[in-house]
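Working notes for the structure below.
Counting convention: from 1, in listed order, for ligands and their atoms alike.
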Amino acid sequence: MKNSAIVGINWGDEGKGRMVDLLTQSYDVVVRYQGGGNAGHTVVNEKGKFALHLLPSGIFREGVVNILGSGVALDPENLWIEIENVRAKGVPVTPENLKISDRASLLLPWHRDLDELEEKRLADKKYGSTKQGIAPFYSDRSQKKTVLAGELRNKTAVREHLSELMEWKNLTLTGVYGAAPYTMERLEEWLNAYCEKILPFLCDTGEYLREAQREGKRILMEAQLGALRDLDCGIYPYTTSSNTTAAYAPIGAGLPSMKLTDVIGVVKAYSTCVGEGPFVCEMFGAEAERLREAGSEYGAKTGRPRRVGPLDLVATRYGVEMQGATEIALTKLDVLSYMETIPVCVRYLVDGKETDRFPFPTELANAKPVVEYWEGWGCDVSGARRWEDLPRAAREYVQKIEDAVGCPVRYVSVGPERDSIIVR
Ligand code: GDP
């Protein structure tokens, strides 16, 4: 039995999609267990370059079954568009290789509107949402004010349920935000254009996974974002509205009894962060611009330039602990090749005292990075495929990270392509 999770250790965008795409060769089932289309997993393989938002990254492997668990924000519109885009590049997406939990809740069209309206109201205090409706969706889900995907099977009943929800939601849309109310005609269009299309993919994925466990299949849980965006352990309120930690995987997958056998934490060789919120190790100016360009650090969903900085060992150690990572995949080592010496944030300075501890979210604003400069290697490492191929200084960079965060680095990624990887 093998139950693994691939999770982000930091703020997201660590390269999880690339690692799932690589590792799916050793798994039978890949499950997305939380979040929605608000992030992008970039995958480069022989079929092309893809930015996946909701589809599990195992979709490219023949024979792998991909599951959207009950914990995801199931947006039928975005999902259908994504399925069509992927199919247009020759990747089959069928009810055989994609199964959607009938217990997943639907992200309704007004969730996106509410996200946008609230960010506009907040103006310069905005959260930096991707405006995909994720926060309004999860709050409505907790209030039991959305619809389970399986309800779509009964056309009359789902329309009655939606009509009740619409009446309630229109009070907020018109009363609080002065926006136009929803109508059943608009929802009817949405039902026909998107919900009908995903119906054939719905099933009891919990039962499927229980059976898969009995048969000894290998299951891989794919997370979105990273530990610092986790609703419970992250940099609240600049978190997402779901749990990005591995501990949530069994629940969000719809297999609460599952025990994870290994947790692969993905860490980028430097730091990036999209959107608002504290980012202690942030770099600015020409130095930041150079790193951003070298790493092509622009959001997969929004195209927004990502904030960049040196590797933050304080945040990374915390992320490793929160995820219970058993091994690390270190990505984008190749990007640092241009640096003569490499800045690394080794501790924080808070109230005049140096600390290794990741502070309480509101204390982060007072934290300053303590930066050390580690030796660079000064040559292109993107062709390295074995540990011995890496220059000494690059190997030391990896080993020092391992020592500092207390978790073995098992994979070192030196390029976005599937085979640009060193397995130790
Ligand atoms: P995810 O959301 O964690 O999957 O990360 P993203 O897809 O948002 O961001 C990772 C980006 O880095 C993607 O564009 C990948 O193709 C790219 N990438 C992943 N690993 C490497 C690597 O080792 N080197 C380089 N140069 N690019 C990488």
Side-chain angles (χ1 to χ4, degrees), residues 5-24 30 32 34-60 82 130 132 220-230 240 244 246 264-275 291-308 311 316 319 323 325 328-339 380-385 389-390 394 397-398 401 409-423:
I6 293 196
V7 295
I9 294 296
N10 304 103
W11 296 265
D13 304 318
E14 298 94 345
K16 294 175 295 298
R18 174 254 186 288
M19 289 309 300
V20 181
D21 179 60
L22 172 79
L23 296 178
T24 43
V30 178
R32 268 288 305 270
Q34 49 76 226
N38 50 331
H41 291 178
T42 312
V43 175
V44 185
N45 56 33
E46 74 282 357
K47 298 202 165 103
K49 182 173 180 182
F50 300 85
L52 297 181
H53 301 295
L54 200 50
L55 282 175
S57 309
I59 201 74
F60 304 108
E82 192 175 329
T130 55
Q132 296 301 306
L220 180 62
M221 302 283 157
E222 177 181 10
Q224 177 221 31
L225 296 168
L228 303 176
R229 301 291 189 192
D230 182 89
T240 193
T244 58
I264 302 152
V266 188
V267 176
K268 204 181 275 190
Y270 51 95
S271 299
T272 63
C273 165
V274 180
L291 181 54
R292 187 175 299 116
E293 283 305 313
S296 309
E297 295 297 348
Y298 298 91
K301 182 75 197 175
T302 57
R304 287 187 288 190
R306 290 178 182 148
R307 297 158 75 191
V308 297
L311 180 67
T316 303
Q323 293 290 16
I328 285 177
L330 186 73
T331 61
K332 297 193 122 173
L333 189 73
D334 53 307
V335 172
L336 299 181
S337 297
Y338 74 90
M339 291 186 181
D380 179 16
V381 293
S382 60
R385 295 293 175 271
D389 296 342
L390 286 176
Y397 186 75
V398 177
I401 295 170
V409 175
R410 170 110 199 276
Y411 304 92
V412 180
S413 172
V414 291
E417 306 80 17
R418 210 179 246 179
D419 69 337
S420 303
I421 195 89
I422 295 165
V423 185

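By the criterion of a heavy-atom distance under 4.0 Å, the side chain of D334, and not its backbone, is placed next to ligand 1. Contacts of V414 with ligand 1, taken as heavy-atom pairs under 4.0 Å, involve the backbone alone.
Between the side chain of T240 and the backbone N or O of R229, no donor-acceptor pair lies under 3.5 Å. With hydrogens and angles disregarded, a donor-acceptor distance shorter than 3.5 Å links the side chain of K268 to the backbone of D13. Between the side chain of R292 and the main chain of R306, a donor-acceptor pair closer than 3.5 Å is present. With hydrogens and angles ignored, the 3.5 Å screen pairs no side-chain donor or acceptor of Q34 with any backbone N or O of A223. At distances below 3.5 Å, at least one donor-acceptor pair connects side-chain atoms of R307 with backbone N or O atoms of G275.
Taking only nitrogen or oxygen atoms, main chain and side chain alike, V44 does not reach within less than 3.5 Å of ligand 1. The shortest N or O to N or O distance between T331 and ligand 1 is not under 3.5 Å. For ligand 1, the polar-atom distance check finds an N/O of G17 within less than 3.5 Å of one of the ligand's N/O atoms.
In this structure, E222 has no heavy atom closer than 4.0 Å to ligand 1. Remark: distances from the non-hydrogen atoms of G415 to ligand 1 include one below 4.0 Å.
Looking at E297 and Y270, their side chains do bring a donor and an acceptor atom within 3.5 Å of each other.
Of all the atoms in ligand 1, the ones that sit under 4.0 Å from a non-hydrogen atom of S413 are 20 (N), 21 (C), 22 (C), 23 (O).
Among R18, E14, K332, the residue whose heavy atom lies closest to atom 17 (C) of ligand 1 is K332.
Note: L311 CG to I401 CD1 = 5.0 Å, rounded to the nearest 0.5 Å.
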